[in-house]
There are 2 protein chains.
Amino acid sequence: MSRAATTSDVFNAIAESRRREILELLASRERPVGDIVAMLGLEQPSVSKHLRVLRDVDLVLVRRDGRQMLYRTNAEAIRPLHDWASGFRQYWRHHLTRIKERAEASGRPRIDGPE
Amino acid sequence: MSRAATTSDVFNAIAESRRREILELLASRERPVGDIVAMLGLEQPSVSKHLRVLRDVDLVLVRRDGRQMLYRTNAEAIRPLHDWASGFRQYWRHHLTRIKERAEASGRPRIDGPE
DNA sequence: AATATATATTCCCATATGGGAATATGTCAA
DNA sequence: TTGACATATTCCCATATGGGAATATATATT
């Protein structure tokens with residue numbers, strides 16, 4: 001097997017930094033493709049291809065307005081990513097904090113149980 | 001140019017679901033490679049290769065214990081990902097909810113505080 | 001209809017996989 | 001030293017890019 005498709009899920013889709021930039025641009029307001037091309041300095045076909053990937057995983061929504069296609073970020077689709085990362089928050093506190101907590105709470109059932 | 005290397009950054013490294021599973025396993029405690037192989041049902045070389053990628057972007061830390069290599073997740077490295085996704089939180093609330101909140105709570109401190 | 005404008009798609013190509021198989025490396029035990 | 005155990009690395013291969021160039025599609029304008 002080879003690497004998973006960029007359109008297989010949100011995690012793969014945002015692996016590309018250009019696509020993350022596009023999502024940032026389209027988060028606060030919808031914009032036509034041409035604006036993205038101008039703002040990021042990419043080739044138009046390149047932007048269209050990235051948008052296609054983002055659309056396939058529902059990270060952006062589109063609507064037509066005359067000859068323009070107006071894209072905007074579907075922030076809701078980024079949530080799973082945020083939630084996944086949030087699961088690690090409890091572990092990224094500084095060591096000192098963790099040691100302190102452990103000392104203060106000795107006797108308490110294992111915080112860090114098996115599995 | 002082709003697709004970016006999985007070791008180019010955290011975003012590319014976690015694009016692979018197997019690697020995300022490994023990070024979850026190693027978040028609460030360090031474990032030898034063999035345990036990961038058994039728990040995820042993957043081939044040993046495959047696990048070693050995934051661990052190599054995770055190491056290259058500092059998503060895991062290692063120490064040797066006899067012939068075993070004990071790996072554990074470096075949660076701190078997942079933070080950039082979480083932070084990036086957090087930037088979109090303000091946009092993923094439902095419209096109705098947002099409108100309602102705005103109407104009811106003008107002036108009230110944020111329910112959904114920072115972090 | 002003919003032309004211009006805005007996007008999308010297709011083709012080609014160098015590159016980076018991820019899995020399987022085989023092999024190398026490192027460490028402990030007898 | 002020899003053998004067993006635990007990991008890591010290398011090779012091979014099918015697949016999926018992402019960028020550039022060329023082309024197709026859709027819509028507005030005259």
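Keep in mind that what you see is a predicted model, and the values were worked out from it rather than measured.
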**Prompt:** Is there a residue in residues 46-61 of chain A whose heavy atoms reach under 4.0 Å of DNA chain D, and which residues are they?
**Reply:**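 Within residues 46-61 of chain A, the residues near DNA chain D are A:Ser46, A:Lys49, A:His50.
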**Prompt:** Which of residues 12-21 of chain A have a heavy atom under 4.0 Å from DNA chain D?
**Reply:** A:Glu16, A:Arg19
**Prompt:** Would a 4.5 Å heavy-atom cut-off, applied to side chains only, mark A:Arg20 and B:Trp84 as touching?
**Reply:** yes
Provide, to the nearest angstrom, the distance between the [atom1] atom belonging to [X] and the [atom2] atom belonging to [N].
X	N	atom1	atom2	result
B:Leu42	C:dG19	CG	C1'	10 Å
A:Arg3	C:dA14	CZ	P	19 Å
A:Leu40	D:dG19	CG	P	11 Å
A:Glu43	D:dG18	CD	C1'	12 Å
B:Leu70	C:dT27	CG	C1'	14 Å
B:Asp9	C:dA16	CG	C1'	14 Å

**Prompt:** Under the criterion side-chain contact (heavy atoms from CB on, under 4.5 Å), which of B:Leu70, B:Thr73, B:Ile22, B:Leu26 is the partner of B:Arg31?
**Reply:** B:Leu26
**Asked** Which one of B:Leu59, B:Val60, B:Leu54, B:Val57 satisfies the side-chain contact (heavy atoms from CB on, under 4.5 Å) criterion with B:Arg19?
**Response**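 Only one option passes, and that is B:Leu54.
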**Request:** Compare side-chain N and O positions of B:Tyr71 against OP1 and OP2 of D:dA6 and report whether any pair is under 4.0 Å apart.
**Result:** no
**Message:** Side-chain N or O of A:Ser2 versus OP1/OP2 of D:dA16: is the shortest distance under 4.0 Å?
**Reply:**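 A:Ser2 to D:dA16 OP1/OP2: no side-chain N or O under 4.0 Å.
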**Message:** Looking at B:Glu30 and B:Arg63, is any side-chain nitrogen of the basic one under 4.0 Å from a carboxylate oxygen of the acidic one?
**Reply:**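 Yes, this pair counts.
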**Prompt:** Is there a chain of hydrophobic side chains (I, L, V, M, F, W, Y, each step under 4.5 Å between heavy atoms) that links B:Tyr71 to B:Leu61?
**Reply:** no
**Request:** Check whether A:Val53 and A:Ile78 end up in the same hydrophobic cluster, where Ile, Leu, Val, Met, Phe, Trp and Tyr are linked by side-chain heavy atoms less than 4.5 Å apart.
**Result:** no
**Prompt:** Rounded to the nearest 0.5 Å, how far does CG of B:Asp9 lie from CG of B:Leu81?
**Reply:** 10.0 Å
**Asked** Any donor-acceptor pair under 3.5 Å linking the side chain of A:Ser86 with the backbone of A:His82?
**Response**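 Yes: the side chain of A:Ser86 pairs with the backbone of A:His82.
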**Prompt:** Is a side-chain N or O of A:Ser8 found less than 3.5 angstrom from the main chain of A:Ala4, in a donor-acceptor match?
**Reply:**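 No; zero donor-acceptor contacts below 3.5 Å.
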**Asked** So among B:His50, B:Arg52, B:Gln44, which one has a side chain to side chain donor-acceptor pair (under 3.5 Å) with B:Ser48?
**Response** B:Gln44
**Reading 5' to 3' through nucleotides 23-30 of chain D, protein heavy-atom contacts under 4.0 Å coded B for base, S for sugar-phosphate only, - for none** = ---SBSS-
**Request:** Could you give me the CA-CA distance, side-chain angles and deciding distance for A:Leu25 and A:Met39, then say whether side chain to side chain contact (heavy atoms under 4.5 Å, CB included) is met?
**Result:** CA-CA 9 Å; A:Leu25 275 183; A:Met39 299 176 86; 3.5 Å; yes
